[in-house]
Every structure is written in structure tokens, then in C-alpha cells.
Amino acid sequence: MSVLAAALALAVPPPVLSQQAGQPPVDVALVLAVDVSRSMSPGELRIQRKGYAEAIVSPEVLRAIAGGAHGRIAVTIFEWAADSHTREIQPWTLIETAADARLVSDRLLEEDSRGERRTSISGAIARGITLVEAAPYPSERQVIDISGDGPNNQGLPVTLERDRAIGKGITINGLPMMTRDGAGMLFGIDDLDEYYRRCVIGGPASFMIPVNGWDQFAEAVRRKLVLEIGGLVPGTPRDPWHRPGAQPARIVPAGYVGGERITPVQLGNDAPYDCMIGEKIWNQRRWIFDGDIR
């Protein structure tokens with residue numbers, strides 16, 4: 001994460017949200033943005049849908065919702081690929097009971113995802129900002145949750161939209177899927193987790209959970225939702241997966257290195273990182289598939 005983004009995460013203006021008269025307040029307005037670029041197979045896209053569907057109705061997530069100050073959250077879900085492609089799966093919906101969660105889960109399983117060209121994380125963040133600002137429910141926290149299996153390679157630079165979201169008081173969390181199979185790996189990077197930490201996530205209590213295999217996906221989504229709903233900082237005593245003296249190995253908060261909190265000034269001591277790596281790889285290799293994969 002850049003020094004600018006880290007500073008913004010520590011001092012951001014209170015968000016201004018539109019809301020419909022009479023709508024109940026929620027503990028968090030949560031935007032789930034799911035990557036459907038063609039680097040993932042139809043089977044992997046199905047695993048994504050099933051993972052989110054199972055997590056939303058899990059006992060852990062339902063307990064996290066019930067344990068909030070208001071005991072309810074608002075969720076919206078969309079799929080993304082290029083900056084010209086977003087597809088709404090679930091409009092803003094109130095989840096307060098297990099029945100509410102089941103309706104969202106069932107909606108996720110009603111149909112399969114369709115793979116689309118290119119990977120624009122910046123476009124997904126921009127869409128997330130628009131959705132947050134149009135949320136009908138007043139909320140104290142607003143989170144855009146990005147899952148993806150590759151770096152930004154189309155649209156605006158990802159850091160521009162990340163910093164814009166942070167400046168509005170919105171947190172961005174990440175679920176980098178570091179699977180290395182399929183033709184799309186030609187446009188991927190080995191350190192996608194570091195890319196997400198340095199270039200994608202940001203804002204208050206932001207974090208990411210890397211996924212190294214599809215068998216880990218469902219659990220990762222469940223853990224991520226519990227932390228997001230509770231507004232919890234990974235590795236602190238209130239984190240359900242925290243153990244004294246150890247930080248969960250699979251969860252990496254923004255602004256942490258080696259489990260130690262670092263200041264914005266210290267962030268400047270990170271080795272330089274190229275947040276345009278995805279665009280550069282695309283320009284070098286696009287001829288291989290004539291633009292038909294990502």
C-alpha cells in the first residue's frame with residue numbers, strides 16, 4: 001500500500017451515503033465484487049458461487065451478523081471482468097435473519113457465472129464506489145470486497161480507484177486467488193498476494209486472505225465475511241481465529257509486515273512495487289490469444 005493510501009486510511013472524511021427514508025441502519029454495507037475473467041474455468045466459477053452461497057448461511061457468519069450493534073447488514077453482489085462489464089447478481093439486500101441469508105444464498109445458486117474478457121480491478125472498485133454511494137441503508141462502515149485471480153490489466157490504474165475509495169471512507173478488502181492453472185496463468189503473477197496488499201486493499205481495518213487452492217476457497221470466504229461484518233482487525237484479540245502470540249498465517253492486514261504494525265512513514269521503506277505489472281504483462285503477451293483470455 002502506498003504512503004498516500006496509508007495516510008488516507010488513517011484520516012478519512014466521514015462517508016456520505018444516500019438512503020431511503022425509513023430504512024433501518026445496518027452495521028456494514030458490504031459490496032461483494034466477484035471476478036469472472038476468462039482465466040477461470042466454468043468449474044472454478046461455480047466453486048466461487050458455491051463458496052459465497054455457503055458462507056452467507058454459515059453459523060459463523062450468522063453469529064457475526066447477530067452480534068453487531070444493529071444485528072443486521074446490507075449486501076450487494078456483482079460480477080466483474082473488463083471495466084465495461086459488471087453484472088448484478090444481488091441488489092442491495094438486508095440480512096437480519098437466517099431466512100434473509102438463505103434467500104441470498106439461493107439466488108447465488110440459481111444460475112452459473114459466465115466468463116468475460118479482461119481484468120479491471122479498477123473498474124470493479126469504481127462500480128463498488130457507485131453502489132456504496134447509492135446504498136439505501138444508513139451504515140457506519142462501508143466495505144468493497146474484491147476477489148480475483150490476476151492483476152489489473154485494463155481500465156484506469158488500480159491505485160487511482162483504490163485511493164478514491166479510501167478518500168471516501170470506504171474500506172477495500174481482498175481475496176487474491178493464487179491458483180496456477182489454466183491458460184490465464186500466462187497473464188498472472190506469482191506474488192498476487194503482495195500485489196493486493198500494495199496496490200488493491202486499503203482503508204480502515206483492511207486485509208486480504210490469499211487462496212492457494214480452490215479447496216480453500218469456501219473457508220476463506222467464510223473467514224473474510226466474519227471479519228468484515230464484525231469490523232475486526234485480523235490478528236487482534238477480537239479476531240475469532242486469533243491465538244495469543246500468533247497472527248493467522250492466511251490473513252494479511254494492510255499496513256502489516258511480518259505481523260508487526262507499521263506506520264505510513266515505514267510503509268515508504270517497502271521495496272518499490274510496480275502496480276502496473278498487469279498492464280505490462282498484457283501488452284507483452286496479448287498477441288498469444290489476440291485478447292481473448294483476460
Side-chain angles (χ1 to χ4, degrees), residues 1-9 12 15 29-40 48 76-89 113 115-135 142-178 184 187-189 191-204 206-208 210 224 254 267 272-286 291 293-294:
M1 187 166 66
S2 68
V3 174
L4 172 59
L8 287 170
V12 294
L30 179 60
V31 178
L32 300 178
V34 183
D35 180 9
V36 292
S37 57
R38 291 184 184 174
S39 53
M40 288 185 284
Q48 276 199 125
T76 184
I77 308 170
F78 72 92
E79 296 176 333
W80 61 273
D83 65 352
S84 60
H85 176 82
T86 60
R87 178 172 176 246
E88 182 182 272
I89 303 301
S113 301
E116 299 289 339
R117 294 176 57 178
R118 305 298 292 271
T119 300
S120 182
I121 300 174
S122 59
I125 295 174
R127 178 58 179 161
I129 292 172
T130 298
L131 288 168
V132 164
E133 293 182 330
Q142 303 80 40
V143 177
I144 299 172
D145 181 319
I146 302 282
S147 68
D149 74 338
N152 194 78
N153 65 31
Q154 191 266 339
L156 290 174
V158 65
T159 53
L160 293 182
E161 290 297 339
R162 176 203 62 191
D163 291 349
R164 186 165 73 93
I166 293 172
K168 292 176 176 290
I170 301 169
T171 293
I172 302 173
N173 294 330
L175 191 73
M177 295 177 288
M178 301 176 65
F187 296 94
I189 55 177
D191 62 341
L192 186 63
D193 52 350
E194 183 68 359
Y195 176 87
Y196 263 67
R197 183 181 79 85
R198 300 284 288 274
C199 309
V200 178
I201 66 175
S206 59
F207 66 92
M208 65 167 182
K224 181 165 55 66
L267 281 170
Y273 193 91
D274 185 2
C275 290
M276 296 293 291
I277 184 64
E279 288 85 347
K280 292 176 181 177
I281 291 174
W282 171 260
N283 288 330
Q284 292 169 357
R285 301 178 181 176
R286 59 183 300 174
I293 292 293
R294 291 169 66 91

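Atom CD in Gln142 sits 11.5 Å away from atom NZ in Lys168 (nearest 0.5 Å). To the nearest 0.5 Å, atom CZ of residue Arg198 and atom OG1 of residue Thr159 are 12.0 Å apart. Put simply, CZ on Arg162 and CD1 on Ile201 are 9.5 Å apart, with the number rounded to the nearest 0.5 Å. One distance of note links CD of Glu279 with CD of Gln154; it measures 9.0 Å at 0.5 Å rounding. For the atom pair CD1 (Ile125) and CZ (Arg127), the distance works out to 14.5 Å, reported to the nearest 0.5 Å. For the atom pair CG of Asp145 and OG1 of Thr76, the computed distance is 12.0 Å after rounding to the nearest 0.5 Å.
Here the side chain of Asn173 pairs a donor or acceptor atom with the backbone of Phe207 at under 3.5 angstrom. No side-chain donor-acceptor contact under 3.5 Å links Asp83 to the backbone of Ser120. The main-chain N or O of Thr119 is found under 3.5 Å from a side-chain atom of Asn153 such that the two form a donor-acceptor pair.
Annotation: side chain of Val31 is in contact with side chain of Val132 (closest heavy-atom distance under 4.5 Å). In this structure the side chain of Leu175 never reaches within 4.5 angstrom of the side chain of Tyr196, judged on heavy atoms. The shortest distance between side-chain heavy atoms of Ser206 and Thr171 falls below 4.5 Å. The closest side-chain heavy-atom distance from Tyr273 to Glu194 is below 4.5 Å. Side-chain contact check for Gln48 versus Met177: some heavy-atom pair is nearer than 4.5 Å. Residues Trp80 and Asp35 are in side-chain contact: their nearest non-hydrogen atoms beyond the backbone lie under 4.5 Å apart.
Applying the salt bridge (charged side-chain N to carboxylate O under 4.0 Å, His left out) test to Asp274 and every residue at least two apart in sequence or in another chain returns Lys280. Applying the side-chain hydrogen bond (donor to acceptor under 3.5 Å, both in side chains) test to Asp193 and every residue at least two apart in sequence or in another chain returns nothing. Partners of Glu161 according to the side-chain hydrogen bond (donor to acceptor under 3.5 Å, both in side chains) rule, which considers only residues two or more places apart in sequence or in another chain, are Arg164.
The shortest heavy-atom contact between Leu156 and Asn152 is O-ND2, 3.2 Å. Closest approach of Gly174 and Lys224 over heavy atoms only: O-CD, 4.1 Å. Summarising the geometry of Ser147 relative to Val34, their closest heavy-atom pair is OG-CA, 3.5 Å, with the distance given to 0.1 Å. Scanning all heavy atoms of the two residues, the minimum distance from Pro157 to Ser122 falls at O-CB, 3.9 Å.
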